[in-house]
Engineer: 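Can you read through this structure? Questions will come right after.
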Protein chains: 2
Amino acid sequence: MEKSCIIKHFEHYSPLTEDDKLLLDSLEKSPREYRKNTSVWTQGEPSNHFYTVSKGWVYSYRNMEDGSRQILDVYVPGDVVGLREFAFNKRITGLTVMSDAVLCAFPKTRLTEVFAESLLLCSIFFMISATDQAILLERLVNLGRRSARQKLAHFLLEISKRLQKTNVIINNHLTLPLTQTLLADALGLSAVHVNRVFKELREENLIEQTNGHVQLLDVEGLREVAGFDAGYLEENIEAMLQQARQMQRKINGAGGADPADLGILETS
Amino acid sequence: MEKSCIIKHFEHYSPLTEDDKLLLDSLEKSPREYRKNTSVWTQGEPSNHFYTVSKGWVYSYRNMEDGSRQILDVYVPGDVVGLREFAFNKRITGLTVMSDAVLCAFPKTRLTEVFAESLLLCSIFFMISATDQAILLERLVNLGRRSARQKLAHFLLEISKRLQKTNVIINNHLTLPLTQTLLADALGLSAVHVNRVFKELREENLIEQTNGHVQLLDVEGLREVAGFDAGYLEENIEAMLQQARQMQRKINGAGGADPADLGILETS
DNA sequence: CGCCGCGTTGAAGAAAATCAAAGCACGTGG
DNA sequence: CCACGTGCTTTGATTTTCTTCAACGCGGCG
């Protein structure tokens, strides 16, 4: 059986027992393809599922009454989307794919069952939620207290860093499917100004642009411009997850041994 | 025995079983007082605890290299603080109290134990994390796509709404312990500009100000100015929590019935 | 071909920052 | 009781940053 995308994603955080894998697998419906610029959900819709991004780029946004909009976050393959509506029965933001993409849907109600059955998965979900928050916080700082050029430089560095986690980046060369209008909506700027800032960065030899592709020529320079510190992307979760695994073993031990859970670290 | 503050907080979301209450209570160390403008934790410190706010106002912030700072969120009595560092072993933001305050500390490592022992509490924690995110999202929109007067009006309405949840507000009159400098750092503005916008709102008879107190004279008018929609503050969690209670009963049912919960759910 | 979305550039204008100075409330110590 | 310092608010004048408006080029595609 081929590994589902959520298993691959979770294994990035911690080795899983066979039980955990089966549990995750049982959640997953068949992956669905979305064509460029189609909507996965819109504001106000009932929120019954969350998703993992398997292929392509996705963004969540909020439309304003005056016609403008704010892009809240951008997701790349490996990311989990929609956990934030756990506490809401309607979508508070929209989600659309900006390139051809593949997503897997999971019914939200089954989360509780997962929590009940696997302490490790529960902890990982909680951790994903916390990491999401960290990214939002940094974006908040970006919007509130940085200049246009800092905003753009910071955004580029963050995306590049996040892509490195689950995807390969060669020589700091990344394909950026974001139009300048999209970027503007993400950074709280006008599209025109984004264009000007891009020009600036090009002229300072910090980046290179060729139709949709961006190459970070001088990462150190960009870091200086942006005041970028990747700390907020570097979770340190071993302690918590180890604790979860340990407790799970205790529980299993009490109710009847579960051999699949011994020697966790060696399971593949 | 007096109810601990976290129990009061959690009961706001869902009735708790005696077991749940005991569990929560076991977490709580003695509340600690903080004097105005003292720090609870700072950036980079190890993050071993999370807190509930029992009295007073608190804010989390991020300091920038150039000396400016961004206030990320403001917390009022009843709020849970620090869950976002679940995935990090160092603080990614600072936290300080802006009025005399009382907070209760909880060791972070015990969260896993709580997750293992009570599905309901686990769900509530997850929900709090999700609601936090919703607030951050709205703040993001505020910073990215609203004018100064919209930002301020929106902030006032949000705080007022959030205070109503666990505290009483009479006649839209709220005591705002935020200085204009603090507000500026929260809204991504300069203190001078915040002052000017306050003046505008006063002159339009939308608010009234008398040393530290703000009265919202015309909530409807403010709502119009801000484009405020409280949807993001109105979690709808009954379905999820009911599911959690039901499953918990099933689990307990195996070992011994728990009468404290009269769930009414017709899930498949 | 002609349309449309996207990127680019220039010029003018608006929003908010910065700089500077003064007033006001409050607590502290003489 | 008053003088003084300190932190917060208020106001004006000036400057910076970014937006808005407008126009044009360019490439893809029906």
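Please read these numbers as outputs of a predicted model, since none were measured by experiment. Numbers restart at 1 for each chain; the letters A, B, ... are given by sequence-line order, proteins then strands.
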Engineer: Using a cut-off of less than 4.0 Å, is there contact between a side-chain N or O of B/Lys199 and OP1 or OP2 of D/dT10?
Structural biologist: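 No.
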Engineer: Does the pair A/Leu163 and A/Trp57 meet the rule for a side chain to side chain contact (heavy atoms under 4.5 Å, CB included), with working shown?
Structural biologist: CA-CA 11 Å; A/Leu163 278 174; A/Trp57 292 55; 3.7 Å; yes
Engineer: For the residue pair A/Phe228 and A/Tyr232, does the interplanar ring angle fall in the parallel (under 30°), tilted (30 to 60°) or perpendicular (over 60°) class?
Structural biologist: perpendicular
Engineer: With a 3.5 Å cut-off and no angle check, do the side chains of A/His213 and A/Thr175 form a donor-acceptor pair?
Structural biologist: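 Result is yes, a qualifying pair exists.
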Engineer: With no hydrogens and no angle check, just 3.5 Å: does a side-chain donor-acceptor pair link A/Thr96 and A/Tyr59?
Structural biologist: yes
Engineer: Can you confirm whether the side chains of A/His173 and A/Glu208 place a donor and an acceptor under 3.5 Å from each other?
Structural biologist: no
Engineer: Pair A/Arg162, A/Glu158 - check salt bridge (Lys or Arg N to Asp or Glu O under 4.0 Å), show working.
Structural biologist: CA-CA 6 Å; A/Arg162 280 171 62 188; A/Glu158 180 189 308; 2.9 Å; yes
Engineer: Could you state the atom-to-atom distance from CD of A/Gln209 to C1' of C/dC6 in whole Å?
Structural biologist: 13 Å
Engineer: Is there a donor-acceptor pair under 3.5 Å between the side chain of A/Arg139 and the backbone N or O of A/Leu72?
Structural biologist: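 Between the backbone of A/Leu72 and the side chain of A/Arg139 there is a qualifying donor-acceptor contact (under 3.5 Å).
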Engineer: Give the rounded distance in Å between these two atoms: CG of B/Leu187 and P of C/dA15.
Structural biologist: 18 Å
Engineer: Give the rounded distance in Å between these two atoms: CZ of B/Phe198 and P of D/dT10.
Structural biologist: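 That distance rounds to 9 Å.
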Engineer: Looking at the base of D/dT10, is there any donor atom on it, or on the side chain of B/Arg202, that sits under 3.5 Å from an acceptor on the other one?
Structural biologist: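 Side chain to base: no pair below 3.5 Å.
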Engineer: Between B/Glu204 and B/Lys199, is the salt bridge (Lys or Arg N to Asp or Glu O under 4.0 Å) condition met? List the steps.
Structural biologist: CA-CA 9 Å; B/Glu204 294 168 36; B/Lys199 192 181 168 188; over 6 Å; no
Engineer: Measure the distance from CG on B/Asn37 to P on D/dT6 and round it to the nearest whole Å.
Structural biologist: 16 Å
Engineer: From the list C/dT9, C/dA16, D/dT9, which nucleotide is the closest neighbour of the side chain of B/Gln180?
Structural biologist: D/dT9
Engineer: Are any of the side-chain nitrogens in A/Glu33 or A/Lys55 under 4.0 Å away from the carboxylate oxygens of its partner?
Structural biologist: no
Engineer: Figure out the NZ/C1' separation between B/Lys36 and C/dC26, and round it to whole Å.
Structural biologist: 11 Å
Engineer: With the side chain of A/His193 defined as its heavy atoms from C-beta on, choose the nearest nucleotide among D/dC18, D/dA13, C/dT9.
Structural biologist: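 Minimum distance to the A/His193 side chain belongs to D/dC18.
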Engineer: Using a cut-off of 4.0 Å on non-hydrogen atoms, how would the nucleic acid contact of B/Thr179 be classed: base, sugar-phosphate, or nothing?
Structural biologist: sugar-phosphate
Engineer: Write down the distance between CG (A/Asn195) and P (D/dC24), rounded to a whole number of angstrom.
Structural biologist: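 Whole-Å distance recorded here is 18 Å.
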Engineer: Can you tell me how far C1' of D/dC18 sits from NZ of A/Lys151, to the nearest Å?
Structural biologist: 9 Å
Engineer: Any ion pair linking B/Lys90 and A/Glu234 (charged N to carboxylate O, less than 4.0 Å)?
Structural biologist: no
Engineer: Can you tell which of C/dA11, D/dC21, C/dA17 lies closest to the side chain of A/Val192?
Structural biologist: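 So the nucleotide nearest the side chain must be D/dC21.
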Engineer: Side chain of B/Ser190: nearest nucleotide among C/dA17, C/dA11, C/dA20?
Structural biologist: C/dA17
Engineer: So how far off straight is the helix from C/dC1-D/dG30 to C/dG30-D/dC1, going by the axes through five pairs at either end, to 10°?
Structural biologist: 30°
Engineer: How many Å lie between CZ on A/Arg196 and P on C/dG10, as a whole number?
Structural biologist: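 Distance check: A/Arg196 CZ to C/dG10 P gives 9 Å.
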Engineer: Which residues in residues 136-149 of chain B have at least one heavy atom lying under 4.0 Å from any atom of DNA chain C?
Structural biologist: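 Correct list: B/Ser147, B/Ala148.
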Engineer: If you check every side-chain atom of B/Leu189, which of C/dA16, D/dA13, C/dT8 has the closest atom?
Structural biologist: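 Of the options given, the side chain of B/Leu189 lies nearest C/dA16.
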